[in-house]
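Here the structure is laid out as structure tokens; the discussion comes afterwards.
We name chains A, B, ... by the order of the sequence lines, and we start the count at 1 in each one. Not measured: the values here are computed from a predicted model.
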Protein chains: 2
Amino acid sequence: MPKISDAQRETRRQQILAAALRCFSRDGFHNTTTADIVRESGVSQGTLYLYFTTKEDMVVALADDRHQSEAFLNALAQSEQDPVRGLLTLIELHGRGLTEPRRLDARRVGVQGWAESLRSPRIHASVVGGMALVREAIGQLIQRGQRTGQIRPEVDPDGVARTLIATFQGLVLQVAWGEPVDLHACGRTMRDMIGALLTDAGKLTLAASPAFDPPAEPSLD
Amino acid sequence: MPKISDAQRETRRQQILAAALRCFSRDGFHNTTTADIVRESGVSQGTLYLYFTTKEDMVVALADDRHQSEAFLNALAQSEQDPVRGLLTLIELHGRGLTEPRRLDARRVGVQGWAESLRSPRIHASVVGGMALVREAIGQLIQRGQRTGQIRPEVDPDGVARTLIATFQGLVLQVAWGEPVDLHACGRTMRDMIGALLTDAGKLTLAASPAFDPPAEPSLD
DNA sequence: AATAAAACTGACGGGTCAGTCATTATAAAA
DNA sequence: TTTTATAATGACTGACCCGTCAGTTTTATT
């Protein structure tokens, strides 16, 4: 008979993770001490280790959280009828996420995780696995587009998917560095990237898509 | 009356930097101790601090080295007569660099530096400054292309430059992670990106360019 | 109210590491 | 050969930090 419910336990866990996220974002993973997380979260040193076996555990948990929310975006884009619209939607959704102030810490910690995954197998697995989900989502949209004749058959789905993801990764970097990225301009360039994949029939679809530069609500600002 | 010449001093410095690069690549910046660099370089603990005032100094020096070699690629591309050819050359040169085994350590440490620049103003300045050089090189090529009528006038030079750089940054990441990146496919996608910027007159230039998929020597393998 | 199982606490131990400095080595000059 | 200024050394130190554990608190159950 445990004293706290699963919900309470999960709340505590999130309380610690949120504090860790703020610390990692502010000071970096290696310059954050467990004492910092204790201060920021309000739980005791010992409690930290009731919920996570090691500091690295927290990074992995944060990465997994991030990938879970990305999976949601993928599902949203897959639900589009038109695969080309789906691609544009995916780009738009991720584009919006690039500058959401709410996710500033997540982006900064995400970049840290990219570096950490060079030396930690666990973080590497998490990061690469998360990327694979997005890559497959994009690849499937492209294959659907090729089946409908909207996307040129000689396009390599995986190569394009990797390149699109690479572009977003780079933009995340630049935004995290505080660079004055003009996301409108970058969005246009990425729309052009998609446009270059299309057959003549597909170009009609692209022209008709309201996913970019909608009149009421600019998409990539 | 110094006991060693400037050349000797520079050699020692490079000896230390080369060792630091190997250590940082293998274990990451924060998991590399000065003792590791001592072991790898063969100099003593004290000598380290005759050449660098702090461990961070070494990271900055490595970043500056990297940017210097990138500046060389920029100059090479700028020397092309045709600006569109120049863009393709720039992409090809950086594309080749993506997989050169000789630069494996530099790429891995570069990714570390991207994360470090989130918390160290000095590294931030170095990394962002290095990127600005490449961005200006690309921006100038695009502006030249617009003056010659090869590139559509409504294209935003800086936005495209940022997006192209972002794509390369993402590919560097993925390659550093050991992902099986098909650089041929990514190269085709990036060529399409450039193609989407061109006017109809410019497309002739692109079609005639041997920069990609040359018969004898594949460019992005 | 008494009990007991689970959650929580925080001081502390064992270990690590960046940077220093008193000493030694080296080589050019006298 | 002696002198002297610079280079190199490596043992040392003071600070720091992760993870633990013996003891305390909380709360469901009896």
Side-chain angles (χ1 to χ4, degrees), chain A residues 1-62 109 112 116 119-120 122-123, chain B residues 1-62 109 112-113 116 119-123:
Chain A
M1 0 187 121
K3 278 206 298 189
I4 61 173
S5 66
D6 284 357
Q8 280 176 311
R9 189 171 172 81
E10 183 56 26
T11 301
R12 257 282 204 260
R13 191 183 146 91
Q14 289 302 327
Q15 170 188 358
I16 295 171
L17 278 182
L21 187 74
R22 286 193 296 274
C23 291
F24 294 159
S25 167
R26 189 195 326 118
D27 305 319
F29 177 56
H30 292 280
N31 287 61
T32 294
T33 67
T34 53
D36 291 334
I37 301 175
V38 163
R39 211 175 303 121
E40 188 87 23
S41 68
V43 306
S44 73
Q45 185 85 355
T47 301
L48 242 48
Y49 290 89
L50 291 175
Y51 287 83
F52 301 93
T53 63
T54 172
K55 211 169 67 160
E56 176 172 299
D57 250 28
M58 300 181 198
V59 180
V60 174
L62 288 170
V109 174
Q112 310 260 345
E116 288 309 307
R119 38 161 230 90
S120 157
R122 291 185 59 205
I123 297 177
Chain B
M1 10 186 117
K3 278 207 300 191
I4 60 173
S5 66
D6 283 358
Q8 279 176 312
R9 190 170 171 82
E10 183 57 25
T11 301
R12 258 281 205 258
R13 191 184 146 90
Q14 290 301 330
Q15 170 188 358
I16 295 171
L17 278 182
L21 186 75
R22 286 192 296 274
C23 290
F24 294 160
S25 167
R26 189 194 326 117
D27 304 320
F29 177 57
H30 291 282
N31 286 61
T32 294
T33 68
T34 51
D36 291 333
I37 301 175
V38 164
R39 210 174 306 121
E40 188 88 23
S41 67
V43 307
S44 72
Q45 186 86 351
T47 300
L48 242 47
Y49 290 90
L50 292 176
Y51 287 83
F52 301 92
T53 64
T54 171
K55 210 170 68 162
E56 177 173 296
D57 250 27
M58 300 181 198
V59 180
V60 174
L62 288 170
V109 173
Q112 310 260 344
E116 288 309 307
R119 37 160 230 91
S120 158
R122 292 184 60 204
I123 298 177

query: Taking DNA chain D as the partner, which of residues 13-33 of chain A come within under 4.0 angstrom of it by heavy atom?
result: A/Thr32, A/Thr33

field: Nearest-angstrom distance from the residue atom CD1 of A/Ile37 to P of D/dG19
entry: 10 Å

Contact nearer the 5' end of DNA chain C, comparing A/Val43 with B/Gly46: A/Val43

- prompt: Counting only N and O atoms by type, is there a donor-acceptor contact under 3.5 Å from the side chain of B/Thr11 to the main-chain atoms of B/Ala7?
  reply: yes

- prompt: Got a donor-acceptor contact below 3.5 angstrom from the A/Gln15 side chain to the A/Ser41 backbone?
  reply: yes

- prompt: Which of parallel (below 30°), tilted (30 to 60°) and perpendicular (above 60°) describes A/His30 and B/His30?
  reply: parallel

message: Assess, by modelled atom type and distance only, whether the side chains of A/Asp36 and A/Thr33 contain a donor and an acceptor separated by less than 3.5 Å.
response: yes

message: If I take atom CZ in residue B/Arg39 and atom C1' in nucleotide C/dC17, what distance separates them, rounded to the nearest angstrom?
response: 12 Å

query: Which whole-number value in Å describes the distance from A/Gln45 CD to D/dG23 C1'?
result: 17 Å

message: I need the CD1-P distance between B/Ile4 and C/dA25, as an integer number of Å.
response: 18 Å

field: Heavy-atom side-chain contact between A/Phe29 and A/Val109 under 4.5 Å
entry: no

field: Separation of atom CG in B/Asp6 from atom C1' in D/dA7, rounded to whole Å
entry: 14 Å

- line: Here the residues of residues 47-55 of chain B within 4.0 Å heavy-atom distance, strictly under, of DNA chain C are B/Tyr49, B/Thr54, B/Lys55

field: Length of the CD-P vector between A/Gln8 and C/dA6, whole Å
entry: 16 Å

query: Is any NZ, NE, NH1 or NH2 atom of the basic residue among A/Arg9 and A/Asp6 found under 4.0 Å from an Asp or Glu carboxylate oxygen of the other?
result: no

- prompt: Does B/Thr34 put a side-chain nitrogen or oxygen below 4.0 Å from OP1 or OP2 of C/dA18?
  reply: yes

message: Tell me the interatomic distance from A/Glu56, atom CD, to D/dC17, atom P, rounded to whole angstroms.
response: 19 Å

- request: Taking the side chain as every heavy atom from C-beta outward, state whether A/Leu17 and A/Phe52 have any atom pair closer than 4.5 Å.
  value: yes

Heavy-atom check, side chain of B/Tyr49 versus side chain of B/Thr34, under 4.5 Å: yes

task: Would you check if the side chain of B/Ser5 reaches a backbone N or O of B/Gln8 as a donor-acceptor pair within less than 3.5 Å?
output: yes

message: Looking at A/Arg12, I'd like to know whether one of its side-chain N or O atoms comes within less than 4.0 Å of OP1 or OP2 on C/dA7.
response: no

